[in-house]
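As structure tokens, the structure follows; a few thoughts come after it.
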2 protein chains.
Amino acid sequence: MLELRLVQGSLLKKVMESIKELVTDANFDCSATGFSLQAMDSSHVALVSLLLRSEGFEHYRCDRNLSMGMNLNNMSKMLKCAGNDDIITIKADDGSDTVTFMFESPTQDKIADFEMKLMDIDSEHLGIPEAEYHAIVRMPSSEFARICKDLSSIGDTGDQKNEKLLDRLLLAVVISVTKEGVKFSTRGDIGTANVVCRQNTTVDKPEEATIIEMNEPVSLTFALRYMNSFTKASPLSSTVTISLSSELPVVVEYKIAEMGYVRFYLAPKIEEDEEDNKS
Amino acid sequence: MLELRLVQGSLLKKVMESIKELVTDANFDCSATGFSLQAMDSSHVALVSLLLRSEGFEHYRCDRNLSMGMNLNNMSKMLKCAGNDDIITIKADDGSDTVTFMFESPTQDKIADFEMKLMDIDSEHLGIPEAEYHAIVRMPSSEFARICKDLSSIGDTGDQKNEKLLDRLLLAVVISVTKEGVKFSTRGDIGTANVVCRQNTTVDKPEEATIIEMNEPVSLTFALRYMNSFTKASPLSSTVTISLSSELPVVVEYKIAEMGYVRFYLAPKIEEDEEDNKS
DNA sequence: TTCCATCAGT
DNA sequence: ACTGATGGAA
């Protein structure tokens, strides 16, 4: 028997919006600790890790560990039927092959329940080791999203030809961190772009700060399209944390207030010689 | 060496938005006087003339006259990466085939630079003679935009058939000026429309006035779709000036505070007989 | 291409 | 606080 009651239902809606572009099917794991998910994106390049701790739920009952395979598109469709102020309850009976989402309007005038079939999904649960990172950048999530979007537009010729679409998929961003700041760079058909954000802790609101913790300078290249996908999680948190080490996947983390986080992992591209890039 | 620093970067963003629908590629001319552009629209019917005087820049360095061919779509993409409060600097080295746009956030915490390739563009620079106009109308730019939009909707059947699209392209507006006011008229599928604006100088704010300077009455016909394109410049100025003479192109001018103007020139349609229009 | 949601401006 | 506009998703 599983019954998880989440007063701030919009959180769950936002979580789904933030990961469903990347992941189509995934196992949600429930334990006494919380409600979590770990899944590779469909092209097996990026990894998504979600945790909603049990303490964040108004009511959390999970008699035994349970792994529920869901199609995230279908789940997202159901969650869209919940109002933003609705209380969401997730229920599953032992041995059942379905899960039920229940939505209560704030006034209790409307109560909806949606039942969805579960799926069997193979998945190796990767242990993700804690690592020391060369550099950790914390910045406003909106600013990070804006930069990723701006840099994408540089590689976007507006051309709808397949060849150009491919370019867009391959467009890379170089993220370089020094003590002074973090630099995002790209090179596209119409030109090049560099955006530098200086460390800045002297702002009115702490969530507007850009904070850099650096042990050693680091410069890594990533596929920009994944970064852009990650920024779909911006509504979850006003800040984002980007943790970088050479030869390690970058971690882009959005904390979920009182509950946990969504983390995205992405392996860097191996830097090729300029000549190779040109060819 | 060219280096132009514009504190109110949003001006340049607005300028681009106002002309990029009409012109796809154009030469920007830099001289000690200022930063200017003159270009025909892609169908060679309308002419755009832009001037940003050097005095309007916080810093203006232009060692020698320079003509830089740019694709306005790409330039516009880059300028969209600038925040509305950013300071924009345009830079080009002598002999370089690129131009660099630099954007500084007001707090200086974010500095972006975008480099764009220049193009070779043939263009005859037309000398535009100063002329005496039969009538000059000054009115709020928002009102002019609203009228053009409203009149367009009369010719717009909402029908997406090619035949109807063609109608929309050919839809004409008659602008008639008398001492009493200015009249905008059109005739479309669903009916006819006349909007008369009376001279009116007794308003609270000068930018709300409608002022008519008239030497002799004039009535001219123009393609409405170009007028609608011109009104994209409305964000640049709260007033617009429309200068009319029979047999001369109309001039639709938006002044740019402290800096210059954007002017649009459009030749009148030769009035045909009513019968001919119907056929 | 159309519709919806989010953001900015009034 | 409301409306319009723009950008993203279906």
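In this structure, CG of B:Asp85 is placed 9 Å from P of C:dG9, rounded to the nearest angstrom. Remark: P of C:dT6 and NZ of A:Lys13 are 9 Å apart, rounded to the nearest angstrom. Rounded to an integer number of Å, the gap from B:Arg146 CZ to D:dA5 P is 10 Å. Protein atom CG of A:Asn74 is 13 Å distant from nucleotide atom P of D:dA10, rounded to whole Å. In this structure, A:Lys232 places its NZ atom 10 Å from P of D:dA10, rounding to the nearest Å. As rounded to whole Å, 13 Å separates atom P of D:dA9 from atom CG of A:Leu22. Between B:Lys80 atom NZ and D:dG7 atom P there is a gap of 5 Å when expressed in whole angstrom units. The interatomic distance linking A:Met16 (CE) with D:dA10 (P) rounds to 12 Å, in whole Å.
Between A:Asn74 and A:Ser76, the side chains place no donor N or O within less than 3.5 Å of an acceptor N or O (distance only, hydrogens not considered).
The two residues B:Leu72 and B:Met16 come nearest to each other via the heavy atoms O-CE, 3.4 Å. Among all heavy-atom pairs drawn from A:Ile88 and A:Gly9, the shortest one is CD1-O, 3.4 Å.
Checking D:dG8, D:dA9, C:dG9 against the side-chain heavy atoms of B:Asn84 singles out C:dG9 as nearest. The side chain of A:Lys20 lies closest to D:dA10, out of D:dA10, D:dG7, D:dG8.
Within the nucleic acid shown, A:Lys77 has no heavy atom closer than 4.0 Å to any nucleic acid atom.
Shown here is A:Glu115, whose CD atom has more than 12 heavy atoms of other residues, nucleotides or ligands within 6.0 Å.
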